[in-house]
2 protein chains.
Amino acid sequence: MGIADRKEREKLEMKRLIMDAAMRMFVEAGYEKTSIRAIAEKIEYSPATIYLYYRDKDDLLYDVQAQGFAQLLELFQQKATAKDPFKRLGQIARIYVDFGLEHPDIYDLMFIIRAPMNKVEEEGSKWLNGEACFAFVVTTLEACIVKKQIKFTDTMVAALSIWSMLHGIVSLNVRCRIKVSNLTEAEIPGVIDSSIESYLGMIKA
Amino acid sequence: MGIADRKEREKLEMKRLIMDAAMRMFVEAGYEKTSIRAIAEKIEYSPATIYLYYRDKDDLLYDVQAQGFAQLLELFQQKATAKDPFKRLGQIARIYVDFGLEHPDIYDLMFIIRAPMNKVEEEGSKWLNGEACFAFVVTTLEACIVKKQIKFTDTMVAALSIWSMLHGIVSLNVRCRIKVSNLTEAEIPGVIDSSIESYLGMIKA
DNA sequence: CAAACTTACTGAACAGTGTTTAGTAAACCA
DNA sequence: TGGTTTACTAAACACTGTTCAGTAAGTTTG
């Protein structure tokens, strides 16, 4: 069935074409401000065509989000390679925050926008790749706890606490809530560094 | 000029009428899903009338946001009354998180939605009441540092670190990112408590 | 008091959105 | 070659935020 194979391949390619354009445009202009019509125009198809590949705009976002997690996971695997679990934890923290600050709009899609979680909540749908990222952190944390390198004893409490801290830093920056704290633009990176440093110092056993 | 006074009063009343309806509706259905038309219908005026009192939808949101901060500030002033600064800090943390979890949609408007910050950034416009809330926390933190009750030495680093932690907890909950961490609904409050507790324990000098 | 002016409000329109549907033309299969 | 499936689109639907000409009161003035 060569034809059926090719058709399936073409279908995947088309989906990819749509998603790539969508991701680029979401990143450039944000999710809300990117219209289906604009995406369609970019790839030179009619708006209705997109609906043959994605149920609705949220469904498209969900795919873009998964792509973002794939990128983050790859960064973790490539750069958080220290043998010592606690050092690896430090690497993870930096990678996470850097990712968020360098790609604020993708971070937005992944961790702030509510929309894609609708799909995650319904049916047996998974938080694609998101869970893999979370698992990477949890594994490192468990190693830290076993080696008694951090004060936490419960992995989940540790994971949530650290994630909250990092997400707080990134999202307050991404959503511009930090500018109000009469800090100058130039001081912010330093304060962020200090925050991460002091946090890691504090949880160290 | 009795008539001019009355007119001004009526103008303020009308603005209040719009804002109250808007706030209720934003809370019930969220900002994005509440249309100007729907607000107008609720208060039995034409949509165009709203534009006589607010420049645009963001401007309206900005007012609602300020209202939210007024509420939070009042909670701080009423309930964070412990004489001991570190104890007061603990009270602040609980009040903040409870506020966020009890009023997720107002919290959303105040700390997550990007829109109102556009207005804050432009011109000399202030982050109305938001800064007062931040100042309340900063004052308490300074007292903690003076009394050497916390490990931080820089007030801003301390403020940002604590705020990040608390905002992280609330927003990961509000935006449903915590549900993915294979925790049951029932376990979450406990983990949140533990997170706050352990964080406070760690920053204690 | 009547005329002129001001104010508060609205109906209707504009330009945009996500999404659906009926219809078409090409590709495929028998 | 004829029938069927597939891929796609034009046009419409029901919404959105926002603007503007027009109206009908309220207020001020001659």
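Please read all numbers here as calculations on a predicted model, not as lab measurements. Protein chains get the first letters and strands the later ones, always in sequence-line order, with residue 1 at the start of each.
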Checklist outcome for this item: Against the side chain of B/Tyr51, the closest entry in D/dT9, D/dA7, D/dG17 is D/dG17

Checklist entry - Which nucleotide in the set C/dT10, C/dT21, D/dT18 lies at the smallest distance from any side-chain heavy atom of B/Pro47? => result D/dT18

Checklist entry - Roughly, in whole Å, what's the span from CZ in B/Arg55 to P in D/dG17? => result 16 Å

Next on the checklist: For the aromatic rings, using the six-membered ring if either is Trp, is the centroid distance between A/Tyr96 and A/Tyr107 under 6.0 Å?
Outcome noted: yes

Checklist entry - Rounding to a whole Å, what distance do you find between B/Glu41:CD and C/dT10:C1'? => result 15 Å

Checklist entry - CD1 of A/Ile50 versus C1' of C/dT17: gap in Å, rounded? => result 13 Å

Checklist entry - Do A/Arg37 and C/dG16 have a side chain to base donor-acceptor pair shorter than 3.5 Å? => result no

Checklist entry - Between C/dT17 atom P and A/Leu60 atom CG, what is the distance in whole Å? => result 15 Å

Next on the checklist: So if I take every side-chain heavy atom of A/Lys11 and compare against D/dA10, D/dC8, D/dA7, which nucleotide ends up nearest?
Outcome noted: D/dA7

Checklist entry - B/Ala159 and B/Val138: which non-hydrogen atoms are nearest, and at how many Å? => result CB-CG2, 4.3 Å

Checklist entry - Checking all strands, does A/Thr49 fall into the base, sugar-phosphate, or nothing category for heavy-atom contacts under 4.0 angstrom? => result base

Next on the checklist: Taking only side-chain N and O atoms of A/Tyr53, does any of them lie within less than 4.0 angstrom of OP1 or OP2 on D/dA7?
Outcome noted: no

Checklist outcome for this item: Among C/dC9, D/dT18, C/dT19, the one nearest any side-chain atom of A/Ile36 is C/dT19

Checklist entry - Just how far, in rounded Å, is C1' of D/dA7 from CD of A/Glu10? => result 10 Å

Checklist entry - Within the structure shown, what part of the strands sits under 4.0 Å from B/Tyr54 by heavy-atom distance: base, sugar-phosphate, or nothing? => result nothing

Next on the checklist: Which nucleotide wins on minimum distance to the side chain of B/Leu52, given the candidates D/dT18, C/dT19, C/dC9?
Outcome noted: C/dC9

Checklist entry - Taking atom P of D/dA7 as reference, at what distance in whole Å does atom CZ of A/Arg9 sit? => result 14 Å

Item to check | B/Tyr53 ring center within less than 6.0 Å of B/Tyr45 ring center | outcome: no

Checklist entry - Can you tell which of D/dT16, C/dG18, D/dC20 lies closest to the side chain of B/Ser35? => result D/dT16

Item to check | Side-chain heavy atoms of B/Asn129 within contact of B/Gln67, under 4.5 Å | outcome: no

Item to check | Value in whole Å for how far the C1' atom of C/dA8 lies from CG of B/Leu12 | outcome: 16 Å

Next on the checklist: Would A/Asp58 and A/Tyr31 count as a side-chain hydrogen bond (donor to acceptor under 3.5 Å, both in side chains) here? Give the steps.
Outcome noted: CA-CA 10 Å; A/Asp58 277 10; A/Tyr31 174 69; 2.9 Å; yes

Checklist outcome for this item: In whole angstroms, the gap separating P of D/dG17 from NZ of B/Lys33 amounts to 14 Å

